Structure formats: structure tokens, C-alpha cells
Amino acid sequence: MSLPLEYYLVLSALLFTIGVIGVLIRRNAIIIFMCIELMLNAANLAFVAISRHLGQAEGQLFVIFVMAVAAAEVAIGLAIIVSVFKHRETINVDEINSLKG
Amino acid sequence: MNPELIVFIIFGTVSIIGAIAVISFRHPIYSALSLIVTFFSQAGLFVLLGAHFVAAVQVIVYAGAIMVLFLFVIMLLNLGTLSAKGALTGKLKGVAIILGILLAVEGVYIAVRALKNDTAVASDAAKEAAAALANKPIETYDIGRLLFSDYLLPFEVTSLILLAALIGVIVLVKRDKQPEN
């Protein structure tokens, strides 16, 4: 007998919440990015759990798409962080408060 | 005790602890390493759910490629000494944590409650059909077949997204032309 779906959904909700708290309390842009990855992973866990619950492969398919988009997002985001750091010598998001580079 | 439950508790606890470590370490390198721990234990949970292909991709793409990118940028920018001070905001930290706990309660409530309603409404026949479906394991074959038939267009669009990201990164970090040249 397999575990009920609720366990996985609750774990996913907790991981997502930790990611949200991280985005709110940390000011380091790289750690904020890691917290976004954490939230994407929580969503992936919910996708796979529901995919098993319903017996459909689509859930796992969307996890693959989410991972591809996350990879693109990380590449762009880290490039932005590197270029911001080159101009401002900081990646504290409180100090990066003007659009003009 | 159900062995599956024991494995779930082990991996779930490790992933929660890893996630908390990500947001509480001051040094970004330690955060990145904790995030890798979380990714690995989530891969274990995927195996537990019977999603072996997704677990492999999780380890290779997330714990491998994406985290190497993170560590590379942290070491490239040499952020250790820079971000050790003022890592947390003092003013709104309490508010953020209270709001976060509220969100957690809400999420858990929805996860438990929505399913209760779902199972109460569904008829016995529907429940049996769902159980029969759920007992059939999802193979990598099924994912591949769907990916290259029904979801071919999203698959191609994903490749375009990756191409756009590639071009965007090159444009963003391109060295500006030197004035004397």
C-alpha cells in the first residue's frame, strides 16, 4: 500500500513556504535565486505526486518542462547578477535600487 | 511500520532541514551545498513515487548542472566576505516569518482539505478506476511517447526558450567595447 497523496502535498507546501520566507528575509541576490529554485522544486514534487495519484504521465512531463525553464532562468539570472556586480560591486538587493546602471 | 513511510520520513526530514539551512546560512557557498542536499533527497522522494526518470534528471540537471552554475558564480564574484555582514534584514524579518507561517498553515490546510472533499464526492466506481490507474506504474516510455506526440509543440518551444536564454546570456555578459579600440 502506497502512501497517501496528502503527505507529499504537505511536504511540498512546507518546502514552498521555506522558499517564500527565504526570498522575503534574505538580501543576497544569489540566495534569493536559490530560494526560487526551492519553490520550483516544491511544485515539481506536487506535480509528480499528483501524477502518480491520477496514474497519468503528464505530471512528470511538466516536471521536465519546469526543469528546462528553470535552467534557462538560472542562466539569465546569474548573468544579470554578474553584470550588476560588475557595475555596482554589490549584490545586496536593498542597495540595487535604481534602474540606471 | 510501513517501510515506505520510513523512507518518506527520512527523505522529507532531510529535505526540510536542507531547505531551512539554505535560508539560514550566512555564507552563500554553504547555502548552495545545502540546496544540493535538498535536491538529492527530493530525487529520493521521486524514486519513492516511482518517477525514476525524473529522479535521474533531478540529480543530473539540478544537482549537477544548475548548482555548478551557482557555485561557479559565487566563486567568480568572491562573495564570501562581502555578504557576511547584513545578510538578513532586521526591520521586516519578523513580519516575513509570521506571514510565511500563515502561508504554510494555509497550504497544509488546502492540501488536506481539498483531497477530503475530492474523495467524498467521487463515486465508488470512479475511485476504483482511479486506483486501477494509479497501480499501473508510469514508465519512462510513457513520458517519451507523450513528449514526442501530444506535447511536441511545447517541447519545441522549450528548445526555443533555451536558445533565447543562450543568446540573452551572451548579450548580457559580453565585454563592452574598449573606448580606445
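On a predicted model such as this, the values are computed, not experimentally measured, just so you know. Chain A is the first sequence line, chain B the second, and so forth, proteins listed ahead of strands; every chain is numbered from 1.
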Does [X] reach the main-chain N or O of [Y] with its side chain, forming a donor-acceptor pair under 3.5 Å?
| X | Y | answer |
| --- | --- | --- |
| B:Asp150 | B:Leu146 | no |
| A:Arg52 | B:Gly50 | no |
| A:Thr17 | B:Gly100 | no |
| A:Ser51 | A:Phe47 | no |

Considering only heavy atoms from C-beta outward, does the side chain of [X] approach that of [Y] to under 4.5 Å?
| X | Y | answer |
| --- | --- | --- |
| A:Leu9 | A:Ile50 | yes |
| A:Glu37 | A:Glu73 | yes |
| B:Ile23 | A:Ile31 | no |
| B:Thr13 | B:Ile9 | yes |

I'd like to know which of [options] tops the heavy-atom pair count under 4.5 Å against chain A.
| options | result |
| --- | --- |
| B:Ala164, B:Ser159, B:Gly107, B:Ala104 | B:Ala104 |
| B:Ile110, B:Leu172, B:Leu166, B:Val61 | B:Leu172 |
| B:Val73, B:Leu76, B:Val22, B:Ile101 | B:Val73 |
| B:Ile170, B:Val173, B:Ile97 | B:Val173 |
| B:Asp142, B:Ile161, B:Leu35 | B:Leu35 |

Could you check which of [options] has the highest count of heavy-atom pairs closer than 4.5 Å to chain B?
| options | result |
| --- | --- |
| A:Ala72, A:Ser12, A:Ala13 | A:Ala72 |
| A:Glu6, A:Lys86, A:Met67 | A:Met67 |
| A:Ile80, A:Asn41, A:Leu5 | A:Asn41 |
| A:Leu14, A:Ile21, A:Val48, A:Asn44 | A:Val48 |
| A:Val20, A:Ile32, A:Leu38 | A:Leu38 |

For [X], is it the side chain, the backbone, both, or neither that has a heavy atom closer than 4.5 Å to a heavy atom of chain A?
| X | value |
| --- | --- |
| B:Ala32 | both |
| B:Gln58 | both |
| B:Phe39 | side chain |
| B:Leu48 | both |
| B:Ile143 | both |
| B:Thr158 | side chain |
| B:Ser31 | both |
| B:Phe53 | side chain |

Report task. Could you walk me through whether A:Ile30 and A:Ile91 pass side chain to side chain contact (heavy atoms under 4.5 Å, CB included), step by step? Result -> CA-CA 8 Å; A:Ile30 285 191; A:Ile91 55 163; 4.0 Å; yes

Requested in this report: Side chain from CB out, backbone as N, CA, C, O: work out which of these in A:Leu45 comes under 4.5 Å of a heavy atom of chain B, or both, or neither.
Outcome: both

Query raised in the report: Do the rings of A:Phe65 and B:Tyr151 sit parallel, tilted or perpendicular, given the 30° and 60° boundaries?
Result: tilted

Query raised in the report: With under 30° as parallel and over 60° as perpendicular, where do the rings of B:Phe148 and B:Phe155 fit, or are they tilted in between?
Result: perpendicular

Query raised in the report: Can we call the ring centroids of B:Phe8 and A:Tyr8 under 6.0 Å apart?
Result: yes

